[in-house]
Amino acid sequence: MSLSRIKNGTIYDPANGVNGEVRDLWIQDGKIIATPPNADSFSGKSLDAAGYVVMPGGIDMHCHIAGPKVNAGRKMTPDLKRTAPPIYRGEHTRSGTGGVVPSTFATGYLFASIGYTTAMDAAIPGLHARHAHEELQDTPILDKGFYLLFGNNHFVMKHLRNQDQNALDAYCAWLLESAKGYTIKIVNPGGVEDWKQISRKTIKELDSPVQNFGVTPRQIVRGLAGTADRLQLPHSVHIHCNNLGIPGNWETTLNTMESLEGHRGHLAHVQFHSYDGDPNDPASFSSATQKLVDYVNSHENITVDVGHINPGTTLSMTGDTPFSQFLHNINRNKWYTADCELESSCGVIPIEYRPQKSLINAVQWAIALEWYLLMEDPWRVIMTSDHPNGGAFYHYPEIIYLLMDRSFRLEFLSQMPEAIRERSVLADLEREYSLYEIAIITRAAPARVLGMKDKGHLGPGAHADITIYAPQQNRQEMFERPRWVYKDGQQVVADGEIQTHAFGKTYYTSPDFDQEFLPHIESWFNDNYSIRFRNYQIDNEEVPQAEEITCRQL
Ligand SMILES: [Zn+2]
């Protein structure tokens with residue numbers, strides 16, 4: 001019954017309509033509670049937050065922090081580890097490497113140090129799920145989870161071809177439950193499978209059939225979106241569209257949105273899918289954001305995260321190997337592909353964004369900001385960099401500053417090629433985000449889109465995940481170094497220093513489905529997964545130290 005108070009903070013809690021009101025927050029047993037009856041005479045633990053900005057803990061709903069491609073990335077780019085300082089072993093911290101793909105421990109510490117308390121990995125193949133869980137259990141402080149790859153799965157395509165909806169639903173539910181995934185992820189639907197077969201070419205059109213399966217990307221998206229709704233998954237189907245990165249791909253993106261036919265759908269890193277121009281002429285590259293924003297504004301079943309880019313060198317890592325090959329053909333950097341024998345694929349390749357020099361990079365940078373600034377409803381546009389694809393998550397404060405201060409934006413824009421003004425409307429956009437809107441796109445909206453009712457807000461019953469900032473005119477500096485961060489009511493960061501080595505929880509779904517359809521899952525496959533996953537318990541609360549990871553004892 002530990003009761004504590006955060007006193008007189010200026011609270012931004014959009015989910016409860018609180019916009020900069022000075023209030024006390026009360027915490028008991030890791031949760032926010034209503035003001036207790038004995039509040040006036042309370043003499044227990046109290047933090048004076050007068051003059052400080054108080055928000056729920058940040059939520060990154062699309063990043064890559066575990067699984068095979070993350071490890072491949074760490075191994076193949078030791079040079080990039082030097083782009084950010086390492087974490088040294090300290091009183092409360094283990095050591096860890098920094099860079100654009102930090103080690104597990106460093107990932108937890110660095111997220112917490114910018115006020116983020118939840119992060120979801122966006123692409124794990126079922127057959128590598130166990131390893132991904134082990135890594136997540138090595139990642140301190142954060143609550144976490146992952147989305148499972150389904151968009152090129154043979155069983156999915158077979159059930160779709162047979163128009164066997166019940167078997168499709170049962171299969172997806174069973175795999176999510178077995179591998180402890182959070183929702184259905186689709187990456188380049190059908191296109192990865194086509195590439196893996198003889199062609200080494202991916203599918204360009206939403207209505208082209210996948211070789212040997214005869215189903216189309218449109219059918220895969222529509223079918224799985226229906227499954228996610230029928231299974232009542234907390235988060236919708238999570239989609240990485242076909243034709244990522246290709247000039248003119250906005251039409252594919254629009255067609256994908258239409259193919260949902262009213263089902264819920266979340267479009268990931270939409271910046272990379274909002275390009276106008278001729279696919280065969282990179283010089284024609286320009287923004288198509290407005291056309292897509294118009295559609296999303298008028299279709300409430302759709303949400304997006306942005307996938308902005310930051311200047312500098314980072315690592316592209318994706319379940320879309322055809323895209324990695326495409327990128328390699330452009331920049332000739334070393335690249336890596338794997339997992340082609342699984343239900344998916346994985347591609348990793350270093351990439352440098354130079355918006356000050358490259359017009360294409362400048363347009364990409366501008367498109368991301370256009371998405372944030374053109375969307376009428378901030379509840380359906382969520383801040384992500386598709387970490388590390390667009391840049392590491394710890395650059396979020398720079399984007400926040402760009403959104404909150406138009407003069408900073410224009411200064412940045414003035415350093416870019418002049419032609420950016422013909423390719424993007426960014427220079428004309430006068431909107432500046434408020435702290436309330438920042439709290440929406442980094443906290444309240446991702447929680448709502450993920451269906452996490454006890455996160456992203458500060459009302460009674462919410463997890464006491466709280467970030468407290470000292471207000472500063474320079475919003476980048478303000479958001480880079482919160483004064484205090486709480487996770488489940490425990491102070492985990494003070495003045496930028498990690499205060500504890502606690503572990504958070506793993507989130508997964510366990511959908512109801514009709515067991516009668518389980519025989520549709522081939523027995524060898526069932527056995528294989530069962531050996532790997534049955535009786536595998538995720539219980540981070542019993543994992544005070546990484547050495548004692550439960551799953552390793554199985
Ligand atoms: Zn991603």
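Every number for a ligand or one of its atoms is a count from 1 in the order of the listing. All values reported here derive from a predicted model rather than from experimental measurement.
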Would you say H269 reaches the Zn ion (ligand 1) with an N/O/S atom under 2.8 Å?
no
Closest approach to the Zn ion (ligand 1) by D386, given as the N, O or S atom name:
OD1
Does any N, O or S atom of H240, backbone or side chain, fall under 2.8 Å from the Zn ion (ligand 1)?
no
Does a side chain donor of either E398 or Y394 reach within less than 3.5 Å of an acceptor in the other side chain?
no
Are H269 and H240 an aromatic pair by the rule of ring centers under 6.0 Å?
yes
Between H238 and T183, do the side chains contain a donor N or O and an acceptor N or O under 3.5 Å apart?
no
Ring centroid separation F146 to H133 under 6.0 Å
yes
